[in-house]
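What follows is one structure encoded as structure tokens, with my remarks underneath.
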Amino acid sequence: MRHAVSEQPADAGHPTDTHAAGDRELVPTARGRTARPEPDCPVEAALAAVSGRWTTLVLRELMGGPLGFSELRERLPELSAKVLSQRLRELGGRGLVSVERRRGFPVRTSYTLTGAGRALRPLLIELYATGEALLAAADRPEAEAHGSEP
């Protein structure tokens, strides 16, 4: 028995195509035309790369160049050493941060973004801009409710 999908013309689209799949800017390749979150979906991969509390701030600090653990703690004083260690380990596991340990006493450790880590810069910039727009939009209705509208 054959499935109807296998008898469709080659250009008919994937059976899991969604409504947005026709928007070539929003979904430029087949990898994103899924009906559910998939680990190999480019959007899911990007979100996974920056997921986790403090992750975006650690990435932001490393965008300026290599930093040691103590330097990161100084720049993010409210971030505990435990959570910083976890985030650096996760980022290393994702291939976004590399670790260099220099001999000596004490051993010096330096954290550097990899090429994949540096590739997140435009995403972080766009997330910031989008956040600003969302916050501004959220503030507008509040101002209008207090009689600030013309």
Minimum-distance pair of heavy atoms, taken over all atoms of [X] and [Y]:
X   : Y    : result
L62 : L88  : CD1-CD2, 4.4 Å
A81 : F69  : O-CZ, 3.6 Å
E44 : E38  : CB-O, 3.3 Å
R53 : R87  : O-NE, 2.7 Å
P66 : T112 : CB-OG1, 3.5 Å

Side-chain contact, heavy-atom cut-off 4.5 Å: [X] with [Y]?
X    : Y    : answer
S110 : R102 : yes
W54  : E78  : yes
E61  : L57  : no
T109 : E100 : no

**Message:** Assigning hydrophobic clusters by single linkage (Ile, Leu, Val, Met, Phe, Trp, Tyr; side-chain heavy-atom cutoff under 4.5 Å), is L120 placed with V43?
**Reply:** no
**Request:** Report whether L123 and L47 are members of the same hydrophobic cluster (ILVMFWY, side-chain heavy atoms less than 4.5 Å apart, transitive linking).
**Result:** no
So, the side chain of [X] versus the backbone of [Y]: is there a donor-acceptor pair under 3.5 Å, distance only?
X    : Y    : answer
T114 : G117 : yes
R108 : R103 : no
R94  : A48  : yes

**Message:** Working to the nearest 0.5 angstrom, can you tell me the gap between L113 CG and L96 CG?
**Reply:** 8.0 Å
**Under-4.0 Å salt bridge between E71 and R73** = no
